2 protein chains.
Amino acid sequence: MTTTTARRPDVLTRADGSPIRALVVDDEPNLAELLATALRYEGWQVEHALTGHAAIRRAKELDPDVVVLDVMLPDLTGLEVLGRMRATHPNVPVLFLTAKDAVEDRIAGLTAGGDDYVTKPFSLEEVVARLRALLRRTGATTGHQEAQLVVGDLRMDEDSHEVWRGTDDIHLTATEFELLRYFMRNPRRVLSKAQILDRVWQYDFGGQANIVELYVSYLRRKIDKGRTPMLHTLRGVGYVLRPA
Amino acid sequence: MTTTTARRPDVLTRADGSPIRALVVDDEPNLAELLATALRYEGWQVEHALTGHAAIRRAKELDPDVVVLDVMLPDLTGLEVLGRMRATHPNVPVLFLTAKDAVEDRIAGLTAGGDDYVTKPFSLEEVVARLRALLRRTGATTGHQEAQLVVGDLRMDEDSHEVWRGTDDIHLTATEFELLRYFMRNPRRVLSKAQILDRVWQYDFGGQANIVELYVSYLRRKIDKGRTPMLHTLRGVGYVLRPA
DNA sequence: AGCGATCCTGTGAACTTGCTGAGGCGAGGC
DNA sequence: GCCTCGCCTCAGCAAGTTCACAGGATCGCT
């Protein structure tokens with residue numbers, strides 16, 4: 001329970017093999033904690049800051065590989081923080097968090113430098129996926145594979161959102177895609193419905209738990225139908241994706 | 001972890017392969033930051049100066065390959081800066097930024113030497129495209145291709161603004177052209193509506209977000225109608241241009 | 001076998017997202 | 001000054017997606 005590395009086949013690291021350093025900037029402690037936990041679980045080293053000024057200061061000390069930045073901070077706007085941070089770290093990629101309905105929450109320029117953003121409420125899988133995409137682009141290294149996830153004859157390209165089983169390509173909706181990505185990032189590992197709900201659905205989802213069963217059912221129809229099944233149910237425990 | 005190169009197939013570099021050096025001169029910090037971010041994303045090394053005097057000084061030290069110069073600076077006029085800069089760097093190409101309603105004869109004088117200008121508010125794609133055009137003329141090199149972009153049987157000549165699909169030539173309006181250029185510079189890559197809006201529309205565009213859908217619809221009518229579609233929608237994610 | 005718990009999936013409603021026709025507005029050409 | 005063209009808004013429709021619900025199937029246990 002001490003080591004936090006090599007839990008998964010696809011841990012990203014810095015070029016020298018040391019852990020990715022992430023800086024989370026959000027003034028909402030619960031949300032920041034949620035994010036920090038998820039990122040630590042990726043094997044990354046996480047710091048967090050509550051204000052724009054604190055963020056700029058921490059960035060100087062930490063020299064982070066990636067920054068998660070709420071655009072609505074008590075003291076500075078996202079663009080201001082970005083500008084000041086870019087003065088010392090011109091290339092660090094930033095993932096912005098914005099409210100969905102912040103009416104004309106001017107996002108202008110936020111993605112101009114290849115940065116990205118997600119709207120609240122988000123799912124952790126999505127945040128992690130986008131951070132990984134940003135890191136891949138700026139040269140963090142993974143043991144072996146690149147933007148493709150492969151389990152058995154199942155293949156997923158995270159960048160283009162394409163999925164194949166063998167030679168057939170498979171069209172998935174956004175939610176189905178995220179669910180499958182979660183499975184593919186955790187092959188041969190049993191995932192409970194609660195875990196799935198926490199990772200794949202938005203953090204404020206308040207619906208029925210059987211939504212997971214429903215989507216597993218959709219997925220099976222698309223990836224297992226007429227083939228050797230890869231998605232298995234462990235009654236009372238959860239689901240597992242196993243190579244055929 | 002600091003490398004910003006080789007993200008795209010068409011990165012411009014200096015003759016010896018080192019990154020392009022750009023100097024951005026504008027007294028408006030947000031705008032300068034926006035430009036710097038976009039140019040860094042092109043893989044260039046960017047410095048910026050807030051005043052004419054600072055610009056002249058930085059130019060001497062930096063020996064830039066290209067300069068982006070606001071004609072309205074607090075201390076000197078564009079012409080003055082240009083003159084002094086040309087004393088030390090007679091050939092460096094300059095892209096001027098001017099207000100829409102600037103006096104035209106002034107600009108005529110400024111661009112006489114093969115330089116170029118764009119009016120504010122501009123779109124990042126336009127600025128980048130013009131800078132690339134200036135650099136091409138002064139001998140910066142790109143890996144392989146020249147002023148032509150090719151994706152599948154789609155072909156675009158950036159200099160002449162001509163576009164062909166197969167043997168048919170296609171007439172596009174200015175906005176359609178920029179949108180397609182953005183797609184063609186990022187083939188097989190999913191582009192979100194936000195990214196597109198950020199890059200292709202003017203930075204102060206405050207209108208309806210569905211303008212992107214509208215123009216994608218126009219583009220499809222012109223390049224995909226009656227053919228194998230190349231422009232695909234990924235619901236909830238964005239659009240992607242894929243060779244047929 | 002029988003029983004409860006668990007899981008699967010068809011149905012349909014609500015909602016979201018994307019597409020496109022109609023039309024207003026302004027700039028530029030004639 | 002009129003006409004054309006390009007840019008854009010708006011609104012309605014179409015299609016795709018998400019989700020609740022509930023009845024039926026399956027499983028594990030006794």
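Letters go in sequence order (proteins before strands), and every chain restarts at 1. As the structure is a computational prediction, the values presented were derived from the model and not from experiment.
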Using a strict cut-off of less than 4.0 Å between a Lys/Arg side-chain nitrogen and an Asp/Glu carboxylate oxygen, indicate whether B:Arg188 and A:Asp159 qualify as a salt bridge. no
Testing A:Leu172, A:Leu241, A:Leu214, A:Asp224 one by one against A:Leu219 for a side-chain contact (heavy atoms from CB on, under 4.5 Å), which residue passes? A:Leu172
Selected nucleotide, minimal atom distance to A:Thr173 side chain, candidates D:dT18, D:dG28, D:dG6: D:dT18
For B:Ser217, which residues count as a side chain to side chain donor-acceptor pair (under 3.5 Å) partner, sequence neighbours excluded? B:Arg221
Closest heavy-atom contact between B:Gly114 and B:Leu134? O-CD2, 3.4 Å
Are A:Asp115 and A:Arg86 close enough for a salt bridge, meaning some N to O gap below 4.0 Å? yes
Can you tell which of D:dT17, D:dC8, D:dG28 lies closest to the side chain of B:Arg235? D:dT17
Listed nucleotide nearest any side-chain atom of B:Ala174, set D:dC7, C:dT6, D:dC8: D:dC7
In residues 217-227 of chain A, which residues come under 4.0 Å of DNA chain C by heavy atom? A:Ser217, A:Arg220, A:Arg221
Got a salt bridge between B:Arg227 and B:Asp168, using NZ or NE/NH1/NH2 to carboxylate O under 4.0 Å? yes
Just call it for A:Phe177: base, sugar-phosphate, or nothing, with non-hydrogen atoms closer than 4.0 Å on any strand. nothing
Describe, as an angle rounded to 10 degrees, how the axis at the first end of the helix from C:dA1-D:dT30 to C:dC30-D:dG1 is tilted relative to the axis at the last end, five pairs per end. 20°
B:Ile211 CD1 to D:dC10 C1': how many Å, rounded? 11 Å
Tell me the interatomic distance from A:Leu191, atom CG, to C:dC7, atom C1', rounded to whole angstroms. 17 Å
When rounded to whole Å, the OH to P distance for the pair B:Tyr215 and C:dG18 reads 19 Å
What is the separation between atom CD on A:Gln202 and atom P on D:dT17, rounded to the nearest whole Å? 16 Å
Would you say a side-chain N or O of B:Gln208 is under 4.0 Å from OP1 or OP2 of D:dC8? no
Roughly how many Å is it from CD in B:Glu213 to C1' in D:dG16, rounded to a whole number? 14 Å
Ignoring backbone atoms, establish whether B:Thr233 has a side-chain N or O less than 4.0 Å from OP1 or OP2 of C:dG18. no
Does A:Arg132 pair with A:Glu42 as a salt bridge, N-O distance under 4.0 Å? yes
Is the distance from OP1 or OP2 of C:dC8 to the nearest side-chain N or O of A:Tyr239 less than 4.0 Å? yes
To the nearest angstrom, how far is A:Asn210 atom CG from C:dT9 atom P? 12 Å
When rounded to whole Å, the CG to P distance for the pair A:Leu197 and C:dC7 reads 14 Å
Residue-phosphate contact under 4.0 Å: B:Lys193 side-chain N/O, C:dG18 OP1/OP2: yes
State plainly whether the residues B:Glu162 and B:Arg155 are in salt-bridge range, i.e. N to O under 4.0 Å. no
Salt bridge flag under 4.0 Å for residues A:Lys120 and A:Asp70: yes
Whole-Å distance, A:Leu214 CG to C:dA13 C1', equals 14 Å
Apply the test salt bridge (charged side-chain N to carboxylate O under 4.0 Å, His left out) to residues A:Arg199 and A:Glu178: give CA-CA distance (whole Å), side-chain angles for both, the deciding distance (0.1 Å), then the verdict. CA-CA 9 Å; A:Arg199 285 295 286 210; A:Glu178 284 215 358; over 6 Å; no
Select from A:Trp201 and B:His171 the residue whose nearest nucleotide in DNA chain D is closer to the 5' end of that strand. B:His171
